[in-house]
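Encoded as structure tokens, the structure appears first; notes follow it.
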Protein chains: 2
Amino acid sequence: METSDRILKRATVAFGESGYDATSLDDLARTLDIRKQSILYHYASKELLLEACVRQAITDLSVALDEAIRKSSYGWERIESIVKRVFRLANNRPELLGLLREVTRLGPPILTYAVDGIRPLLDGATTWLIEEMKAGRVRKSEPELLVLSAYSTIMGAATEVKLFEALGEESTIRDVAIRRKELLRFLKIALIP
Amino acid sequence: METSDRILKRATVAFGESGYDATSLDDLARTLDIRKQSILYHYASKELLLEACVRQAITDLSVALDEAIRKSSYGWERIESIVKRVFRLANNRPELLGLLREVTRLGPPILTYAVDGIRPLLDGATTWLIEEMKAGRVRKSEPELLVLSAYSTIMGAATEVKLFEALGEESTIRDVAIRRKELLRFLKIALIP
DNA sequence: ACCATTGCCTACCAAGTGGTAGAAATAGAG
DNA sequence: CTCTATTTCTACCACTTGGTAGGCAATGGT
């Protein structure tokens, strides 16, 4: 694999799991078994590296969601498909969701940058929801708020694993599956008329 | 006000809003118009300062929730009362919820410490929910999971303000009230039989 | 009057930070 | 082989970090 890609991948993990400020370029270089200056050759500054990570993360996220959307039809089935895909993502690549959360914590300018990348996804979801509401397949309410609520709910359920573990809740695949099932039941009751 | 209390308050805000790593003791001292060494006089290390902040935050949180519980009766009314109280808290003292989230990000040892403080609250909520389910006032499901889901949902709705703003969603008192109402509607449909 | 304690300070330090300058290796093209 | 461009490196640097050592004024008990 290309060095620059290796850097990008590890940086995304580090930024997403440990946070931007807690990750030093020296640490990062050490885990990659290269020197810090090699990182700075491919990405001129730490901030630009973060930007590249965010760009890639959003791309990956978009691809995953598109996939979930394409292989589902309408109404509840599609919501279920998306939730399942996000949970799988949270399991396979927790750093992606972690990075998104970290970015909202860091605020501008990187947040503004990320938001521009995510907005198409949210807009798509919103217009789709409006359609579904019109068709009577989803309970009528404010679609923008619903999308954002769903975002934070799914995000919370998918990323709060560390908290769960600290609380003694196990996090085997089975336990995560149970939580997913509960969330789906919850969403179904609340969303479907 | 006592110097040590001023430090504690500012530190909670800084840790909760900007994050632990992004907050230097020098910065903190500067905003308090004292010297860093005065901070280290009252709190022997940065980590101990964080611990003190967490302890105080959990106390404040407990007080607020107890209040919400005491002035409500049972079933839906109590849930509504708690959600409203948390939203008020997120509005008046966003740093409290921010600090909690930051702590789950930092992981052990501080997370373990915080969890010990919060567990009584969660246990209380869980046993209460079990009662309510028995009495048929709340839809039957896994109470532990329900508590944690509710936690992350409310937390998300209450703290994702920065994201909302970046997305162009206004965050006037009225808008927050609308989001609160939507969340309550959502919870009511999902929880009440 | 004495002295110990409290509270805040100045002065300093070792370790680490992101970043610069420029030398050495590597490799493909003519 | 030689020239050139790409990549990685060593050697630094200015600055910030959390933390130590110790001084100095105020306070209050004896």
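Proteins get letters first, then strands, A, B, ... in listed order; numbering begins at 1 in each.
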Over all atoms of both residues, closest heavy-atom pair of [X] and [Y]:
| X | Y | result |
| --- | --- | --- |
| A/Asp27 | A/Ala22 | OD2-O, 4.5 Å |
| B/Ala29 | B/Lys36 | CB-N, 3.5 Å |
| A/Ile7 | A/His42 | CD1-CD2, 3.8 Å |

### Message
Assigning hydrophobic clusters by single linkage (Ile, Leu, Val, Met, Phe, Trp, Tyr; side-chain heavy-atom cutoff under 4.5 Å), is A/Phe186 placed with A/Tyr151?
### Response
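Same cluster.
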### Query
Just the endpoints, please: which first and last nucleotides of DNA chain C, 5' to 3', lie under 4.0 Å from a heavy atom of chain B?
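Terminal contacting nucleotides, 5' to 3': C/dT6 to C/dA11.
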Enclosure of [X] [atom1] (heavy-atom neighbours >12, cutoff 6.0 Å):
| X | atom1 | result |
| --- | --- | --- |
| B/Glu47 | CD | no |
| B/Asp33 | CG | no |
| B/Glu77 | CD | yes |

### Task
Determine, for A/Lys84 against A/Glu80, whether the closest basic-nitrogen to carboxylate-oxygen distance falls under 4.0 angstrom.
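Judged by the 4.0 Å cut-off on N to carboxylate O distance, A/Lys84 and A/Glu80 do form a salt bridge.
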Figure out the [atom1]/[atom2] separation between [X] and [N], and round it to whole Å.
| X | N | atom1 | atom2 | value |
| --- | --- | --- | --- | --- |
| A/Asp26 | D/dC12 | CG | P | 16 Å |
| A/Ile34 | D/dC9 | CD1 | P | 6 Å |
| B/Leu28 | D/dG19 | CG | P | 13 Å |
| B/Leu50 | D/dG18 | CG | P | 12 Å |
| B/Arg35 | D/dC24 | CZ | P | 18 Å |
| A/Leu40 | D/dC13 | CG | C1' | 14 Å |

### Message
Heavy-atom nearest nucleotide on DNA chain C for A/Ser45 versus B/Gln37: which residue maps closer to 5'?
### Response
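By nearest-heavy-atom nucleotide position, the 5'-most residue is B/Gln37.
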### Query
Where along residues 10-25 of chain B does a heavy atom fall under 4.0 Å from DNA chain C?
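The stretch gives none, as no residue of it lies under 4.0 Å from the strand.
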### Message
So, under a plain 3.5 Å distance rule, would you say the side chain of B/Lys46 forms a donor-acceptor pair with the base of D/dG19?
### Response
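When only heavy-atom distances are counted, B/Lys46 does not reach the base of D/dG19 through any donor-acceptor pair under 3.5 Å.
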### Task
Verify the distance criterion only: is there a donor paired with an acceptor across the side chains of A/Thr31 and A/Arg10 at less than 3.5 Å?
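A pair is found: one side chain offers a donor N or O, the other an acceptor, under 3.5 Å apart.
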### Task
Using a cut-off of strictly less than 4.0 Å, decide whether A/Tyr41 has a side-chain nitrogen or oxygen near OP1 or OP2 of D/dT8.
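So the side-chain polar atoms of A/Tyr41 never come under 4.0 Å of the phosphate oxygens OP1 or OP2 of D/dT8.
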### Task
Compare side-chain N and O positions of A/Thr3 against OP1 and OP2 of D/dT7 and report whether any pair is under 4.0 Å apart.
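No.
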